[in-house]
Amino acid sequence: MLVLLFLAIRLPLLFLGIPATSSELLHMLVGERMAGGFAMYSDIYDTTAPLSAFVYWTIDVIAGRSYLSYRIVATLLLLFQAIMFNVTLNRHQVYAGKGYIPALLYLLMGSLTFEFDMLTPLLIGNTFLILSLPYIITISREGFENNRLFVGGFMVGLAALSYLPLAQFLLVAAFGVVLFASNTFRSFLLMLCGFAFPYAVLFTYYLYTNTASQFVEMHLLQSWQFGINPLVPPAHLALALALPAAILLLSLISTTSLPQRLVFQGKFQQLMTVWLVVSVLVLVTRHELSVGSFVVILPPIAYFGEFLFTSRIKKWILNLLFFILLGGVLLIRYRQPLGIASFVKIDDSQLLLPEGGASGEVKGSSVLVLGDDLSYYEHNKLATPYLNWQLSQRHFGRLNEYQAVYDLYQNFRQETPEYIVDQVGLMPQLKHKLPSVFEGYAPTKTAAVYKKAR
């Protein structure tokens with residue numbers, strides 16, 4: 001019934017057709033280009049983490065460019081996370097009894113808006129965080145087989161390889177070691193070695209292929225951003241998150257009146273409190289903030305929500321609270337099909353691609369966009385490595401330096417786009433600096449679009 005309720009909430013909108021989003025198109029471009037034989041960071045300038053890029057490559061190999069495929073995978077991942085998290089809680093007797101309330105809350109909150117249908121690096125990384133949890137608490141509780149802590153750290157390392165700021169969850173794992181481990185220092189080193197292992201393997205590969213500097217620049221350094229850019233207006237973001245925030249607040253209040261419990265259960269509660277704090281830190285380090293960013297807080301809400309819905313409050317009040325939550329999720333998720341978007345105002349237009357696309361007459365061609373607008377790639381393929389315009393400044397922002405101009409020449413010699421969309425007005429300077437490459441491009445009827453002469 002739990003799975004059926006989740007699918008009943010999620011699938012109709014999935015097949016009704018969710019508008020295309022910029023981030024999904026970006027992920028498709030990464031996967032498509034990798035499937036074309038190009039390497040991440042050396043042939044694709046973007047901050048997408050290596051493991052997430054591998055997932056996008058796999059989907060492109062199997063299904064090509066398909067929004068539906070990406071969203072089905074995201075749905076399956078969220079369902080897997082909820083089930084694994086609930087199984088972990090039940091198996092390790094985190095509560096006085098066993099139940100499915102955490103999974104129900106996880107899936108319900110994870111269906112709040114279409115943003116949770118998007119296969120983001122954060123969603124991929126969150127899967128590995130949940131997989132790391134049973135290893136950490138099992139070792140901590142049993143006090144033997146400490147080599148399993150290596151696996152727990154390894155899972156956190158895979159989460160960071162999916163989305164680097166998730167490396168902050170090392171604090172959660174370290175806190176677990178401090179709470180439970182008999183040999184704290186040895187256990188922490190073991191966990192740290194597990195975390196570092198996938199990075200050591202990957203860095204060795206990049207050293208072997210002479211792309212370690214690009215890996216450091218585009219993944220290890222660029223992923224940390226502290227200037228938050230809200231993609232949804234703060235007031236609208238608060239409206240969308242009002243229900244989850246209310247449930248979390250009431251759940252935290254419910255924990256203050258809990259009866260006497262096992263020592264392990266109390267320590268696990270402390271661990272999940274730290275999880276909640278670290279989740280907020282992850283949100284602070286994100287460059288762009290929207291409703292979908294809060295997927296990392298779903299586990300704490302699901303865990304603490306159990307205390308609210310099993311509390312001594314009258315059953316009819318709890319049932320009413322659940323149906324209010326269910327109704328609120330349905331209203332927010334289906335506000336467009338139900339025609340109530342004017343009443344439930346959540347402006348997520350910055351996430352979406354323009355309807356009909358911005359490519360106009362340019363379709364089915366190889367394109368390079370000098371600027372941040374990815375919509376030109378919706379019906380075209382990316383040519384040259386310059387996907388992320390900020391990272392492309394390593395060349396286009398240094399046209400007065402010989403090395404940058406030479407690198408531009410090398411990249412364009414290997415790939416020549418049929419069209420260049422010059423949104424920043426660089427073509428005159430590029431024609432002057434590299435006439436052998438750019439003189440062949442002539443303006444078209446569409447403003448700022450140049451076509452290569454045949």
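The shown structure was predicted, so the numbers you read here are calculated from the model rather than taken from an experiment. FYI, side chains are in, hydrogens and waters are out, and symmetry mates aren't considered; it's all heavy atoms of this structure. Residue numbers count from 1 along this sequence.
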Note to self: Nearest 0.5 angstrom please: S290 OG to L241 CG, how far?
What the structure shows: 9.5 Å
Notebook entry, point to check: With ring centroids as reference points, do F116 and F294 lie under 6.0 angstrom apart?
Noted result: no
Next item on the list: Using a strict 4.0 Å threshold on nitrogen-to-oxygen distance, state whether D46 and R33 make a salt bridge.
Entry: no
Check: Nearest 0.5 Å, what's the CG-CD1 distance between N319 and I313?
Finding: 11.5 Å
Checklist line | Atom pair CG (L179) and NZ (K267), whose distance is rounded to the nearest 0.5 Å | finding: 6.5 Å
Next item on the list: Could you list the residues that satisfy side chain to side chain donor-acceptor pair (under 3.5 Å) with E32, not counting sequence neighbours?
Entry: R65
Checklist line | F268 ring center near Y303 ring center (under 6.0 Å) | finding: yes
Item checked: Candidate pair W275 and F175, rule ring-ring contact (aromatic ring centres under 6.0 Å, His included), full reasoning -> CA-CA 10 Å; W275 187 305; F175 191 81; over 10 Å; no
Notebook entry, point to check: In Å and rounded to the nearest 0.5 Å, what is the OG to CG distance from S22 to D373?
Noted result: 7.5 Å
Notebook entry, point to check: Hey, are E24 and R71 close enough for a salt bridge, meaning a charged N less than 4.0 Å from a carboxylate O?
Noted result: yes
Note to self: Counting C-beta onward and ignoring hydrogens, is there a side-chain heavy-atom pair between T384 and P417 closer than 4.5 Å?
What the structure shows: yes
Checklist line | Flag for Y199-H219: side-chain donor and acceptor within less than 3.5 Å | finding: yes
Note to self: If you apply the rule ring-ring contact (aromatic ring centres under 6.0 Å, His included), what do you find for Y95 with F307, and how did you get there?
What the structure shows: CA-CA 9 Å; Y95 304 115; F307 299 122; 5.4 Å; yes
